[in-house]
Asks: 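Got a structure for you, questions after.
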Amino acid sequence: MMSVLETRELIIDVPGRVAGRALSLRIEPGQRWGILGPNGAGKTTLLHTLAGLRAPRSGQVLLDGEPLSQWRRRQVAQRLAVVFQERQDGFPATVLETALIGRHPFLPPWRMETAADLERARDALRQLDLSHLEPRLVSTLSGGERQRLALATALAQQPALWLADEPTNHLDLHHQVAVMRLLERQSQQGVGLCLCLHDLNLAARWCDRVLLLYPDGELCHGPADAMLIPEALEKLYRQRLMVTEINGTRLFLPE
Ligand SMILES: Nc1ncnc2c1ncn2[C@@H]1O[C@H](COP(=O)(O)OP(=O)(O)OP(=O)(O)O)[C@@H](O)[C@H]1O
């Protein structure tokens, strides 16, 4: 299934912020969007708004042409996976049980997961290198293992779109690369991706579209190559940058 997430004249509701520039963009199948901006710029708020978990101050978010507010939550969850930073690990669940939550939007009411659901969840855990931890309680996982489980749960959902806040947070180098490869394969299959990123070099290697969010509500977006230029990024982060290039990929370092 392919889906398009679109904003029309969207202004996110950042508490205490006077206004901002209205955002109109479309996340098309297969596109890889990166949202960049300094702390407090509103990246997470935007992601929550795109997921329909937070009301905008004005404007609209549309999923496949219909306002998100008119969709049932279950239908949204059949298309859209979210990976956020704060996670509620309130009740004791195993790794496998947690990955299976990704299948819940697809289960008929009061029905148990099928063998096929179980296989999807297991496959997702395999792809995130978590098979050996299937019976473990989530509360005992390390930070990186927890992050990979959140990604596995989203993968088990087989979404048409991903909204992810810092998907490589807590991950070691090997798993960072593995996760970005996995997300790249997703995009090659027509899945749309929208990620908040703090790592400019990751954004430069990985994104095809970039949205820059400024703390005062200003923003701009476009093709990654046009957005990831030192002048714009230095203004964005209020930090001087050194830029070099390796194998055709731009590399940014703080000066
Ligand atoms: N419930 C709240 N009450 C008051 N202020 C809030 C609330 N939620 C968010 N904010 C403020 O809104 C602003 C945007 O927050 P948001 O988490 O979206 O930023 P961000 O760009 O994701 O930042 P970071 O890079 O630090 O994760 C911040 O200044 C934050 O303090």
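Both ligands and their constituent atoms are indexed starting at 1 by order of listing.
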Asks: Is C196 touching ligand 1 with its side chain, its backbone, both, or neither, if touching means heavy atoms under 4.0 Å apart?
Replies: neither
Asks: What protein heavy atom sits nearest atom 27 (O) of ligand 1, and how far away is it?
Replies: T44 OG1, 4.0 Å
Asks: List the closest protein heavy-atom neighbour of atom 26 (O) of ligand 1: residue, atom name, distance to the nearest 0.1 Å.
Replies: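 The answer is N39 ND2, 3.0 Å.
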Asks: Sequence neighbours left out, what passes ring-ring contact (aromatic ring centres under 6.0 Å, His included) with H221? Give chain and number order.
Replies: W33
Asks: Check ligand 1 against T45 and write out every atom of the ligand that is under 4.0 Å from a heavy-atom position of the residue.
Replies: 14 (C), 15 (O), 16 (P), 18 (O)
Asks: Using a 4.0 Å heavy-atom threshold (strictly under), name the region of V14 that reaches ligand 1: side chain, backbone, both or neither.
Replies: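 Contact part for V14 vs ligand 1: side chain (C-beta onward).
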Asks: So, does G42 sit close enough to ligand 1 that a heavy atom of it is under 4.0 Å from the ligand?
Replies: yes
Asks: Yes or no: does G16 have any heavy atom under 4.0 Å from an atom of ligand 1?
Replies: no
Asks: With no hydrogens and no angle check, just 3.5 Å: does a side-chain donor-acceptor pair link Q176 and D172?
Replies: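 No, D172 and Q176 have no side-chain donor paired with an acceptor closer than 3.5 Å.
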Asks: For L253, what are the other residues in its hydrophobic cluster, where any two members join if their side-chain heavy atoms are less than 4.5 angstrom apart?
Replies: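 Answer for L253: M242.
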Asks: How many angstroms lie between atom CG of L47 and atom CD of E166, to the nearest 0.5 angstrom?
Replies: 11.0 Å
Asks: For residues R126 and S131, is any side-chain donor paired with an opposing acceptor at under 3.5 Å?
Replies: no
Asks: Closest heavy-atom contact between M112 and L107?
Replies: O-CD2, 4.1 Å
Asks: Does the protein place any heavy atom closer than 4.0 Å to atom 1 (N) of ligand 1?
Replies: no
Asks: Does the protein come close to atom 30 (C) of ligand 1 - that is, does one of its heavy atoms sit below 4.0 Å from that atom?
Replies: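 No, there is none.
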Asks: Could you name the option among P215, G40, G37 that has the heavy atom nearest to atom 14 (C) of ligand 1?
Replies: G40
Asks: Do H104 and E113 have a side chain donor and acceptor closer than 3.5 Å?
Replies: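 Side chains of H104 and E113: pair found under 3.5 Å.
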Asks: Would you call E134 and R136 a salt bridge, using N to O less than 4.0 angstrom?
Replies: no
Asks: Same cluster for L23 and Y214 if Ile/Leu/Val/Met/Phe/Trp/Tyr side chains link at under 4.5 Å?
Replies: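 Hydrophobic grouping puts L23 apart from Y214.
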Asks: Take atom 21 (O) of ligand 1 and look for protein heavy atoms under 4.0 Å from it; say yes if you find one, no if not.
Replies: yes
Asks: Return the closest protein heavy atom for atom 25 (O) of ligand 1 as residue, atom name and distance.
Replies: K43 NZ, 2.6 Å
Asks: Of the backbone atoms (N, CA, C, O) and the side-chain heavy atoms from C-beta on, which set of H198 has a member under 4.0 Å from an atom of ligand 1: side chain, backbone, both, or neither?
Replies: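 The answer is the side chain of H198.
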Asks: Below the 3.5 angstrom mark, is there an N/O of P15, backbone or side chain, next to an N/O of ligand 1?
Replies: no
